[in-house]
Amino acid sequence: MPSLSRRHAMIGATAMGAALALRRAVAQPAPGGPFTLPPLPYAPDANEPHIDTQTMQIHHDRHHAAYVANLNAAVKDHPQVAAMGLSGMLSKLGELPEAIRTAVRNNAGGHANHSMFWLVMGGKGGAPAGELAAAIDRDFGSFDKLKDAVNRAGLTQFGSGWAMVSVDRTGKLAVANRPNQDTPLMDGGRVLFGNDVWEHAYYLKYQNRRADYLAAWWNVVNWAEVAKRYDAARAGTLDV
Ligand code: MN3
């Protein structure tokens with residue numbers, strides 16, 4: 001192999017260094033880390049008067065943003081964990097490095113739960129239709145009974161948490177309330193939809209009247225979006 005002159009070697013090294021730097025730059029995640037705050041899919045006043053604009057802004061722009069930032073900080077030195085994705089890391093919490101397990105549980109959970117939450121709101125309430133309505137009748141008896149079960153789950157969730165409906169690959173529905181930012185994703189399940197019963201979700205408008213918030217929330221559910229999630233769950237393509 002012919003030896004390169006010192007000058008050629010330097011040029012070669014520089015070019016190789018530039019190529020490596022470029023490759024690293026392309027592989028770099030977005031500033032701040034691999035996880036990003038999804039924009040609200042509607043204006044922050046879209047759920048008025050049931051969910052007030054200021055609550056939506058604080059909830060999305062500060063609370064959800066904090067879960068994303070804290071998750072990015074937790075996985076900063078653990079690219080193999082980040083690469084698992086939200087549902088992947090939440091379903092394998094026990095296999096994660098112990099030092100970041102709680103931070104991932106709280107913040108990946110918070111990121112997943114809120115990403116779902118915004119999507120299933122912004123609608124006009126009413127009632128589900130089609131196959132989803134049939135599944136609700138089959139598994140709960142009626143839409144009213146589903147609402148009662150979810151409201152009861154939300155009302156009896158002590159402290160902070162979520163009142164959710166889980167869905168499996170066969171389309172089977174079940175009420176699932178979880179504390180803090182826990183989620184059926186931690187059991188390998190999927191969330192059809194759910195309501196946030198942390199006080200930050202309702203306190204500005206409803207103060208301690210959680211039952212009033214739970215009742216009003218149904219007026220903003222986007223059933224077309226929930227139906228899409230139902231179809232995706234049965235197709236095996238629903239993530240968070
Ligand atoms: Mn919240």
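Every number for a ligand or one of its atoms is a count from 1 in the order of the listing. Residue numbers run from 1 in the order of the sequence given.
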Using a cut-off of strictly less than 2.8 Å, determine whether His64 has an N/O/S atom near the Mn ion (ligand 1). no
Name of the His59 atom (N/O/S only) found closest to the Mn ion (ligand 1): NE2
Heteroatom of Asp196 nearest to the Mn ion (ligand 1) (N, O or S, atom name): OD2
Any side-chain heavy-atom pair of Ile100 and Asp77 under 4.5 Å: no
Could you tell me if the side chain of Trp217 sits less than 4.5 Å from the side chain of Asn151, heavy atoms only? no
Worked verdict on Arg234 versus Glu131 for salt bridge (charged side-chain N to carboxylate O under 4.0 Å, His left out): CA-CA 11 Å; Arg234 289 192 301 165; Glu131 289 186 282; 3.1 Å; yes
Between Arg190 and Asp168, is the closest basic N to carboxylate O distance under 4.0 Å? no
